[in-house]
> 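Here it is, the structure, as structure tokens.
Chain identifiers are assigned alphabetically (A, B, ...) following the order of the sequence lines, protein sequences preceding nucleic acid strands; residue numbering begins at 1 within each chain. Keep in mind the model is a prediction, meaning the values are calculated, not measured. Any value given below was found using the heavy atoms of this structure, including those in side chains, with hydrogens, waters and symmetry copies removed.
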Number of protein chains: 2
Amino acid sequence: MPELSAARPKRADALRNIESILDAATECLADDADVSVADIAAAAGVGRITLYGHFKTRAELVDAVFARTMRKADEILASTDTTGEPGEALARLVAASWQIVHQQRNLLHAAQRELPPERIRGTHDRVLRRMQTLIARGQHEGVFRTDLPKQWLVTTAFSLMHSAADEVRAGRVKADDVPALITQTLTSAFTP
Amino acid sequence: MPELSAARPKRADALRNIESILDAATECLADDADVSVADIAAAAGVGRITLYGHFKTRAELVDAVFARTMRKADEILASTDTTGEPGEALARLVAASWQIVHQQRNLLHAAQRELPPERIRGTHDRVLRRMQTLIARGQHEGVFRTDLPKQWLVTTAFSLMHSAADEVRAGRVKADDVPALITQTLTSAFTP
DNA sequence: ATTATCTCGTACTTCGCTGTTCAGGTTGTG
DNA sequence: CACAACCTGAACAGCGAAGTACGAGATAAT
């Protein structure tokens, strides 16, 4: 089922506004998962009613923001070199992922509060899969341990990134130190 | 400053109700961080107004529940043997901690939403310190790595426990497997 | 037994947010 | 240009939760 009623193209200004809204929402949600729709609309320089014209509910908006962010994240990760020695590739992938996790720490919280878990999982999927693929390769080449399920290793990696983000936020760790911290930890955690 | 105005002893039934409320709140918050005060009161078999008589605000209630849970957790951990080979002691400490983290997964979320971070940190402190002490000893004995700050190793340990709790909840990991999973991961992550 | 304490239902206020409706003005598109 | 799509503010309805006030009744302490 491609489309129901051909959905004629939106007008240019509508598209522009939608972009503004998504941009503003991304920013607002990044530093407060509880922002009101009104605040987002204001930040976008748009009427609240206009916003509702494009996104029927708050959840729909959050979903759109989350999906877009994940899509962008996936593009960034796609441009990260994951070839070569798995350990080094992991370091590169972690460094790139960390930036995104760190910047969007709150967006995930917002999503978790308003979206069903399956939906989050689905949207996350492609990003997770990149890590998973790399880990699988590392296991295959005998560089990463195989006594633990690769799914768990993925969880471990993201777990550390999220926790590190919290630590930075609390001022207990410097943001610049994080990639090294995580990489070193994961390197020993993953070696057989 | 011991006490301001001597706080005469509460009546027996009041104490009993306070206990009921804390018990009910602990249970309710454990499976939904967003329960209403009304629901908690109902679960405690107590009027909502009675609850407000003992806890001025919702935040105060959450704080009390959180503090009590951490106190109990600390007692459990206190009865855990942390002597002997650090690696094995860590395994025991993780197993014990994991139970608590797993059961109270949502309580932390509730606390994070309603309490100031410093407060959470403060209440958490004694529990974290146990892990930290063990890690310090392990480092001292040359069993755990020293190229990363011990604070970070503590973070790593708890990070994995919390993520594991999420995985279990999502049905991707069996609860019984978790202690081994975490222990194995941490063992390699911590060895130099 | 008397008193201070505690309980509890009902009903109310306050608050903030979401989502909708309406009516009129603006702007892009063909 | 003409029309449809779009934007807009203001105002409103609905909701759920927090917290308050009152007053009658139950219960524990001394």
Side-chain angles (χ1 to χ4, degrees), chain A residues 3-25 28-29 31-66 106 109-116, chain B residues 3-25 28-29 31-66 106 109-116:
Chain A
E3 233 114 39
L4 209 58
S5 60
R8 55 186 145 32
K10 297 232 175 203
R11 244 172 54 175
D13 54 347
L15 291 175
R16 236 181 303 135
N17 278 336
I18 291 178
E19 277 305 301
S20 302
I21 292 170
L22 288 175
D23 288 343
C28 291
L29 287 171
D31 58 56
D32 178 10
D34 284 326
V35 212
S36 70
V37 172
D39 287 347
I40 294 174
V46 136
R48 200 168 62 95
I49 295 80
T50 303
L51 193 156
Y52 275 110
H54 295 299
F55 304 94
K56 272 195 271 296
T57 75
R58 179 195 170 82
E60 195 173 299
L61 173 59
V62 171
D63 187 78
V65 171
F66 187 59
N106 280 328
H109 293 158
Q112 281 170 338
R113 214 170 298 175
E114 326 217 21
L115 271 33
Chain B
E3 233 116 39
L4 208 57
S5 59
R8 53 187 150 33
K10 298 231 173 204
R11 245 172 56 177
D13 55 347
L15 290 176
R16 234 180 304 134
N17 278 335
I18 291 178
E19 277 305 300
S20 300
I21 292 170
L22 288 175
D23 288 344
C28 290
L29 287 170
D31 59 56
D32 178 9
D34 285 324
V35 213
S36 69
V37 173
D39 286 348
I40 294 174
V46 137
R48 199 167 63 95
I49 292 78
T50 302
L51 193 156
Y52 275 110
H54 295 299
F55 304 95
K56 273 195 271 298
T57 74
R58 179 194 169 83
E60 195 173 300
L61 173 59
V62 171
D63 186 79
V65 172
F66 187 59
N106 281 327
H109 293 157
Q112 281 169 339
R113 213 170 297 175
E114 326 217 21
L115 271 34

> Quick check on DNA chain D: between A38(B) and I18(A), whose nearest nucleotide comes earlier from the 5' end?
I18(A)

> How close or far is atom P of dT20(C) from atom CZ of R58(A), stated in whole angstroms?
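Answer to the nearest Å: 15 Å.
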
> If I take atom CD in residue E114(A) and atom P in nucleotide dC17(C), what distance separates them, rounded to the nearest angstrom?
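Answer to the nearest Å: 13 Å.
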
> Heavy atoms within less than 4.0 Å of DNA chain C: which residues of residues 40-53 of chain A have one? Give them sorted by number.
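Heavy-atom cutoff 4.0 Å gives R48(A), I49(A), Y52(A).
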
> Just how far, in rounded Å, is P of dC6(C) from CZ of F55(B)?
13 Å

> For dT7(C), take OP1 and OP2 only and decide whether either is under 4.0 Å from a side-chain N or O of N17(B).
yes

> Please name the pair of heavy atoms, one in A110(B) and one in L29(B), separated by the smallest distance, quoted to 0.1 Å.
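Closest heavy-atom pair between A110(B) and L29(B): CB-CD2, 4.0 Å.
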
> May I ask you to verify if any side-chain N or O of H54(A) is less than 4.0 angstrom from the OP1 or OP2 atom of dC7(D)?
yes

> Under 4.0 Å between a Lys/Arg side-chain N and an Asp/Glu carboxylate O for R113(B) and D34(A)?
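Salt bridge: no.
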
> List the atom pairs, donor and acceptor, that lie under 3.5 Å between side-chain atoms in residues 14-25 of chain B and the rest of the protein, sequence neighbours left out.
unit_1 : atom_1 : unit_2 : atom_2 : d
E19(B) : OE1    : R68(B) : NH1    : 3.1
S20(B) : OG     : R16(B) : O      : 3.2
D23(B) : OD1    : R68(B) : NH1    : 3.2
D23(B) : OD1    : R68(B) : NH2    : 2.8

> Sequence neighbours excluded, which residues qualify as side-chain contact (heavy atoms from CB on, under 4.5 Å) partners of D39(A)?
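So D39(A) forms a side-chain contact (heavy atoms from CB on, under 4.5 Å) with V35(A), S36(A).
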
> To the nearest 0.5 Å, what is the distance between NE2 (H109(A)) and CG (D32(A))?
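The distance works out to 12.0 Å.
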
> Restricting to nitrogen or oxygen on both sides, can you table the protein-nucleotides 14-16 of chain C pairs closer than 3.5 Å?
none

> Could you tell me the separation between the CG atom of L15(B) and the P atom of dT27(D), rounded to a whole number of Å?
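It works out to 17 Å between those atoms.
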
> Quick one: D34(A) CG to dA17(D) P, roughly how many Å, whole number?
16 Å

> Name the pairs: protein N/O against N/O of nucleotides 26-29 of chain C, kept only if under 3.5 Å.
unit_1  : atom_1 : unit_2 : atom_2 : d
dT27(C) : O2     : R11(A) : NH1    : 3.0
dT27(C) : O2     : R11(A) : NH2    : 3.3

> Grab the two heavy atoms, one from I40(A) and one from C28(A), that are nearest each other, plus how far apart they are.
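Minimum heavy-atom separation between I40(A) and C28(A): CG1-CB, 4.1 Å.
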
> Under 3.5 Å, which donor-acceptor pairs link side chains of residues 43-57 of chain A to any protein atom two or more places apart or in another chain?
unit_1 : atom_1 : unit_2 : atom_2 : d
T57(A) : OG1    : A59(A) : N      : 3.2
T57(A) : OG1    : E60(A) : N      : 3.0

